[in-house]
Amino acid sequence: MNPMIRTATLSAVLALPGALSQPAYAQIPAELKNPKISYAYISPENTKYEPIMQRLKERQLLEKLAAFLAPLQLPHAFYLITRECKEPNAFYNPSKWRIEICYEIIEFVERLAPPPDAPVDGFTRDEVVIGSFVGVLMHEVGHAVFDMFNVPVFGREEDACDEMAAFIAGQFNKDVALTVTRGFAYLWRSFGRLGGEPKEWADFAGEHGANQQRYYNVLCMGYGADPALFKDFIDKDWLPKERAARCGAEFQQVRQAFAKTVLPFINQSLIKKVQETNWLK
Amino acid sequence: MMRSTCPRGAAIAALMVSLIIPPASAQQLPAELQNPNVEIVYKEPRSAAFKPIAERVKQRRVLEQLRVFLAPLRLPRKLTVNVEECGAPTRDYKPQGPVTLCYEVIDQIEKIAATADANMRERVLIGAFVQAAFHETAHAVFDILQVPVWGRANDAADRLAAFIMVHFGEDVAMQTILGTAYFFRLSGRTWTGSEFAEVNSPEAQRFYNYLCIALGGAPKTFDFLVNPKEKDEQLLPDRRADRCQGEFEQVRLAFNLRIMPYVDPDILVKVRAIQWVIPLNGKQ
């Protein structure tokens, strides 16, 4: 992930005044436990991040993430932490088998999402804040899964992680698919507009695709998974028809890659429980 | 539209030979280095403009050489490679379908190579052609071997192509990787708007992807990409270069897990022992 982008999403979610701040959080099913997964909220040095950490604790962010990932039959320990990073970021650290979510992202957050009660192009604030957050988190889960299970990745890993995020979004009900796909796509659209198009040759040197490419990739994965659900991507001319025609095959490519390289590491009875849980509540 | 002149056509034919020709002659391709599951077809072009190219490609037995190169691969079914006129520079590989190398792409490579500095021209011709052949073949290998592909398929095919390019010695690696990279650089295309929706990645991205796999796989050979001689350009920025060993290892892991089980190691040694690329003068 592009660090700036990562931070934005995560912080957006955590700061969400709407759905996530309601007391009726999703109940974590008791059976979704995995002894290899540990988590910790690390106290920040800078006291200004204390309230953020408290909010995360109250909302049981890491407890939920640990439960969500419980079906993974891990070869070793896996850690989830929130911490102060001195930079707005969130990432997977392969040397420590650890997903790290930085407190600094919170401040960055809410600039991206549309204002409350003022959707942009049909994107609501909740949809963007929740969807982009989950998308970013699942992107990092992608890095973790690829690393811990030694998954063969022939293409560019950053694109593969976006595919993972969009694929996971489609494994629940339609609301989840809509929210995460649309929120994640909005994120890339926003960054594409904020940063402008890459022009110089060196602008393409990074390991990440251009924000504009990532936007279309996410739209394509959603449309490929469920053309009826995401018909408006075509109706609104967001996704060019030439690309749309290939999205079914692109989704199948990811589905097969997931089935061959990741699914064998997933506990099937636990994953059913994960799929039945309303994580976005 | 300008069509390639005869000398240029001859040049590329010679270079395609040099790309993959054993030192003796294409007529003497080792009998044991054939792949019975690779079928090759030279299709006659409809356009007269492509006929000279088609003739030379056939005479030089380019596809026969590609088949030798693919000899170590134990394929569970037939793989067909066609050279034909497509109406476009490339024709997408379809599942179960043939690999298609288009006369148009050879034409395009010639035209772009013609804009290169004289000392880079042959390298661009060789590299770009090998890239096109390897990239298209990679799609077929993914399909036939049912290889799971994470990431965009075209980038995956590029990474596999680059990975192969650095496994046949320094000369092959330098010619093919640098030729490919300069071919992309010379394309002159800029991207905007919905072009970013294309399934192909921008030429600049592909440029860096090939160089990165090369640096990761052959760090001594490609050290100049990050530590150029005085006055030369640093072709690969440090920030990306730092990741290239990891990118290469990632492709190697994927290759070892998913493709190597289909490779005959004894035949592979023989294929690697061939002097695939002759010096850059295009002579046999």
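Chain identifiers are assigned alphabetically (A, B, ...) following the order of the sequence lines, protein sequences preceding nucleic acid strands; residue numbering begins at 1 within each chain. Worth saying up front: this structure is predicted, and the values here are computed from it rather than measured. Excluded from the calculations below are hydrogen atoms, water molecules and symmetry mates; all remaining heavy atoms, backbone and side chain alike, are included.
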Next on the checklist: For the interface with chain A, which of Ala153(B), Cys212(B), Ala157(B), Pro237(B) has the highest count of heavy-atom pairs at distances below 4.5 Å?
Outcome noted: Ala153(B)
Checklist entry - With only heavy atoms counted, which part of Ala244(A) is less than 4.5 Å from chain B, the side chain, the backbone, both or neither? => result neither
Item to check | Heavy-atom pairs under 4.5 Å with chain B, option from Ala257(A), Cys161(A), Gly206(A), Ala249(A) with the top count | outcome: Ala257(A)
Checklist entry - Does any heavy atom of chain A fall under 4.5 Å from the side chain of Phe163(B), the backbone, both, or neither of them? => result neither
I'd like a table of all donor-acceptor pairs linking chain A to chain B (distance under 3.5 Å, no angle check), giving the atom names and the distance to one decimal.
unit_1    : atom_1 : unit_2    : atom_2 : d
Val153(A) : O      : Arg159(B) : NH2    : 3.2
Phe154(A) : O      : Arg159(B) : NE     : 2.6
Gly155(A) : N      : Trp150(B) : O      : 2.8
Gly155(A) : O      : Arg159(B) : NE     : 3.2
Gly155(A) : O      : Arg159(B) : NH2    : 2.9
Arg156(A) : NH1    : Asn209(B) : OD1    : 2.8
Glu157(A) : OE1    : Gln250(B) : NE2    : 2.7
Glu163(A) : OE1    : Gly151(B) : N      : 2.8
Glu197(A) : OE1    : Thr192(B) : OG1    : 2.7
Glu197(A) : OE2    : Thr192(B) : OG1    : 3.3
Glu197(A) : OE2    : Gly193(B) : N      : 2.6
Ala205(A) : O      : Arg240(B) : NH1    : 2.8
Gly206(A) : O      : Arg240(B) : NH1    : 3.1
Glu207(A) : OE1    : Arg239(B) : NH1    : 3.4
Glu207(A) : OE2    : Arg243(B) : NH1    : 3.2
Gln213(A) : OE1    : Gln205(B) : NE2    : 2.6
Gln213(A) : NE2    : Gln205(B) : OE1    : 3.1
Asn217(A) : OD1    : Arg152(B) : NH1    : 2.8
Arg243(A) : NH1    : Ala197(B) : O      : 2.6
Arg246(A) : NH1    : Asp92(B)  : OD2    : 3.1
Arg246(A) : NH2    : Asp92(B)  : OD2    : 2.4
Gln253(A) : NE2    : Val149(B) : O      : 2.9
Gln253(A) : NE2    : Gly151(B) : O      : 2.8
Lys260(A) : NZ     : Gln146(B) : O      : 2.6
Thr261(A) : OG1    : Trp150(B) : NE1    : 2.9

Checklist outcome for this item: The complete set of salt bridge (Lys or Arg N to Asp or Glu O under 4.0 Å) pairs with one or both residues in residues 222-231 of chain A, sequence neighbours excluded, reads Lys174(A)-Asp226(A), Lys231(A)-Asp235(A)
Next on the checklist: Which one wins on heavy-atom pair count under 4.5 Å against chain A: Val147(B), Val251(B), Val149(B)?
Outcome noted: Val149(B)
Checklist entry - Between Leu235(B) and chain A, which part of the residue has a heavy atom less than 4.5 Å away: side chain, backbone, both or neither? => result neither
Checklist entry - Which heavy-atom pair separates Ala254(B) from Val153(A) by the least distance, and what is that distance? => result CB-N, 3.9 Å
